[in-house]
Every structure is written in structure tokens, then in C-alpha cells.
Amino acid sequence: MESNNADEIRKVVRDRYAELARMQAPSCCGGPTEAASCCCDPTSVQLRATRHHYSEEELDALSADIPSLGCGNPTALSELKENEVVLDLGSGGGLDCFLAARSVGPGGRVIGLDMTPEMVELARANAGKMSLDNIEFRLGEMEHMPVESESVDVVISNCVINLSTDKDAVFREVFRVLKPGGRLCVSDIVTHGELPRQVRENLELWACCVAGALDEQDYLARIHAAGFTQPNVQDAKTVWSAQRTCCEAEDPARAMVASVTVTARKPA
């Protein structure tokens, strides 16, 4: 993608999520059952948290009402163990980080990474409401992670990698920061087939997790090309195909969009 276009997309995405952070509101990635999406005018509609991907037990374990911005629950499939180091890409308000921090225990550590200053500020404020000492939030881009090489056991992400204009760089960076034998577990938006050009070039649909989505097989192939073994879809569900939203694309494109949770491993 041309640099100017990539910069424009990055700005639109950052501005959108900065506004959502200010409102503590969800994105459209929550799926078809939600009352509103990130593509709606946030000043004209009451947006609510989308947390149906999580069990009551998980949510009850949190001492604060943290909005969800995701399309899945990667922490549920990442098989986190005590004392592990976890990195969450696009950590948003911090919900997945807080769940991960409880799973790895006081001997583990969780790093939340987000490119939007307002989101980092929101996550730190949310962290202040909870008694967790093993978590930190960093400002940075997932194509250039401010994280040491081979320092992380598990990388998770929830509906964020689709927003990157250079997904190959993201997967290379994930491979770099993971320890040998480390694991990747991400929930994301993919397509079944190539989206129409008018969808790909729609900046609003980039911010809504649609226009930047890769075909599922292409997504898995890029993970493998970065050096990972056994990229595998653990969970998949169609989204937006049965209900009209203000993230609306043409009907044939809408039916192609799905959310998946993908796991992979860095060779030991």
C-alpha cells in the first residue's frame, strides 16, 4: 500500500478510536447483535459495551466495568499459564489484559500495546480501579513494537490486526518478540473471498474493521510466512451477514465477512 494511503488510513483509525476512548464506547467489531457500531456518529447515538464474547465468570472476576472493543475472546483460547509474559496488541481499554493478568498470576506480566494515546490513558485509568500489579500499558504501533526480542511467551490481540496496512510487518514483529516456542492467539476479522474495490478503499470501513480484512487463507499464509508453525482457526463465526448496520457495505461483501480466532506457535 502506498505510504500516503497508509498514513491516511492510520489517521482515520486513530481518530476513530480516540473518540471511542473518550466515550468509553465499543467498536463495530462486536458483531451483529449490538445496538450500535463504531461507524455511527458517536455524538448522536448512545453506544454500549459489547462483552457477549466473555463468560459471566470472566466478567465477574473484574472489579470494574471495562468496555470491550473486540470480535472474540483470545484469552479463552490462549491457554495462559502462571508466570507467563503476555503481550496484547491493540489493548484498547484493557479488558483482555486484565483477564490475562489474572491468569498468569503475580509472577507473570502483561503488556498492553496501543497506538492511540487516548486508549492508553483509558486503560491506565481502568487499571487504577483494579488491584493488579503485573500489568503495564505502552504507546506504540504493532508494526514497530517497543518490546524486546524474545521476551514474550504469548501474544494475543482482539480485532486489531485487520486495521494495519502492513500485516506482514505485524506478524514479523510478533515472531521477533516471542520466545522460542512462544504462542500467538488472535481474534480478528477475515473475509471469505476478495472484497470489492469500493469497500477496500472506503476509509470508514477501514475504521470499522472491514476494509482491511484479509481473506482467511491469506491471513493464515502470512502468519506461516513470518515463521510460525501450525496456524489454525480455532473458532469462527459469520458477522454482519444477517443484519444491516451503519457499517454497511454492499450485501455480497457483507456476507463475506467473518470473525475468527487463530492460533500459531513459534518453533522452539
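What's counted below: heavy atoms across the whole structure, side chains too, no hydrogens, waters or symmetry copies.
- Criterion: ILVMFWY side-chain heavy atoms under 4.5 Å apart, direct or through other members. Under it, Met142 and Ile223 are part of a common hydrophobic cluster.
- A side-chain donor-acceptor contact under 3.5 Å links Ser91 to the backbone of Leu113.
- A distance-only check finds no donor-acceptor pair linking the side chain of Lys179 to the backbone of Asp153 [under 3.5 Å].
- Scanning for side chain to side chain donor-acceptor pair (under 3.5 Å) contacts around Thr75 gives Asn73, with sequence neighbours left out.
- A salt bridge does not link Glu118 with Arg14: every distance from a Lys NZ or Arg NE/NH1/NH2 to an Asp or Glu carboxylate oxygen is 4.0 Å or more.
- At least one side-chain heavy atom of Ile189 sits under 4.5 Å from a side-chain heavy atom of Cys159.
- The neighbour count for Glu143 CD, taken as heavy atoms of other residues, nucleotides or ligands under 6.0 Å away, is above 12.
- Pro74 and Asp96 get closest at one heavy-atom pair: CD-OD1, 4.2 Å.
- Here the side chains of Leu20 and Met119 are in contact, with some heavy-atom distance below 4.5 Å.
- No donor-acceptor distance shorter than 3.5 angstrom exists from the side chain of Asn162 to the backbone of Gly212, with no hydrogens or angles considered.
- At most 12 heavy atoms of other shown residues, nucleotides or ligands fall within 6.0 angstrom of atom CD in Glu79.
- Closest non-hydrogen pair, Leu195 versus Val210, comes out as CD1-O, 3.4 Å.
- Under the 3.5 Å distance criterion, the side-chain polar atoms of Arg138 are left unmatched by any main-chain donor or acceptor of Ile111.
- Using modelled atom types, one side-chain atom of Asn134 and one backbone atom of Gly105 make a donor-acceptor pair closer than 3.5 Å.
- Using a cut-off of 4.0 Å between Lys/Arg side-chain N and Asp/Glu carboxylate O, Glu84 and Arg183 are scored as salt-bridged.
- No single ILVMFWY cluster, assembled from side-chain heavy atoms under 4.5 Å apart, contains both Val120 and Val155.
- Note on Leu87: it does not cluster hydrophobically with Leu132, by side-chain heavy-atom contacts below 4.5 Å among ILVMFWY residues.
- A 4.5 Å side-chain heavy-atom check between Asn232 and Thr263 finds at least one atom pair inside the cut-off.
- For the side-chain contact (heavy atoms from CB on, under 4.5 Å) test, residues two or more places apart in sequence or in another chain that qualify with Asp215 are Thr191, Gln217, Asp218.
- Side chain of Asp114 to main chain of Gly92: a donor-acceptor pair is present (N/O by atom type, distance under 3.5 Å, no hydrogens or angles).
- In terms of heavy atoms, Gly72 sits closest to Asn158 at O-ND2, 2.9 Å.
- Checked by atom type and distance alone, the side chain of Trp206 never pairs as donor or acceptor with a backbone atom of Glu201 at under 3.5 Å.
- A salt bridge does not link Lys11 to Glu8: none of the charged side-chain nitrogens sits closer than 4.0 Å to a carboxylate oxygen.
- Minimum interatomic distance between Phe175 and Pro267 (heavy atoms only, all atoms of both residues): CE1-CD, 3.8 Å.
- Heavy atoms only, all atoms of each residue included: Phe137 and Ala127 are closest at CE1-CB, 4.0 Å.
- Residues Leu139 and Val86 are members of one and the same hydrophobic cluster, defined by side-chain heavy-atom contacts under 4.5 angstrom among Ile, Leu, Val, Met, Phe, Trp and Tyr.
- Side chains of Ser149 and Arg176: a donor on one and an acceptor on the other come within 3.5 Å.
- Considering only heavy atoms from C-beta on, Leu89 comes within 4.5 Å of Met145 through its side chain.
- At least one donor-acceptor pair closer than 3.5 Å links the side chain of Ser103 to the backbone N or O of Leu99.
- Within 6.0 Å of the CD atom in Glu194, the count of heavy atoms belonging to other residues, nucleotides or ligands does not exceed 12.
- Put simply, the side chain of Thr229 gets close to the backbone of Arg265: a donor and an acceptor are under 3.5 Å apart.
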Intermediate values then yes/no, side-chain contact (heavy atoms from CB on, under 4.5 Å), Lys266 and Leu184:
CA-CA 8 Å; Lys266 179 175 179 176; Leu184 169 69; over 6 Å; no

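- When hydrophobic clusters are built by joining Ile, Leu, Val, Met, Phe, Trp and Tyr residues whose side-chain heavy atoms come closer than 4.5 Å, directly or via intermediates, Val104 is grouped together with Ile135.
- Closest heavy-atom contact between Phe171 and Tyr219: CZ-CZ, 3.9 Å.
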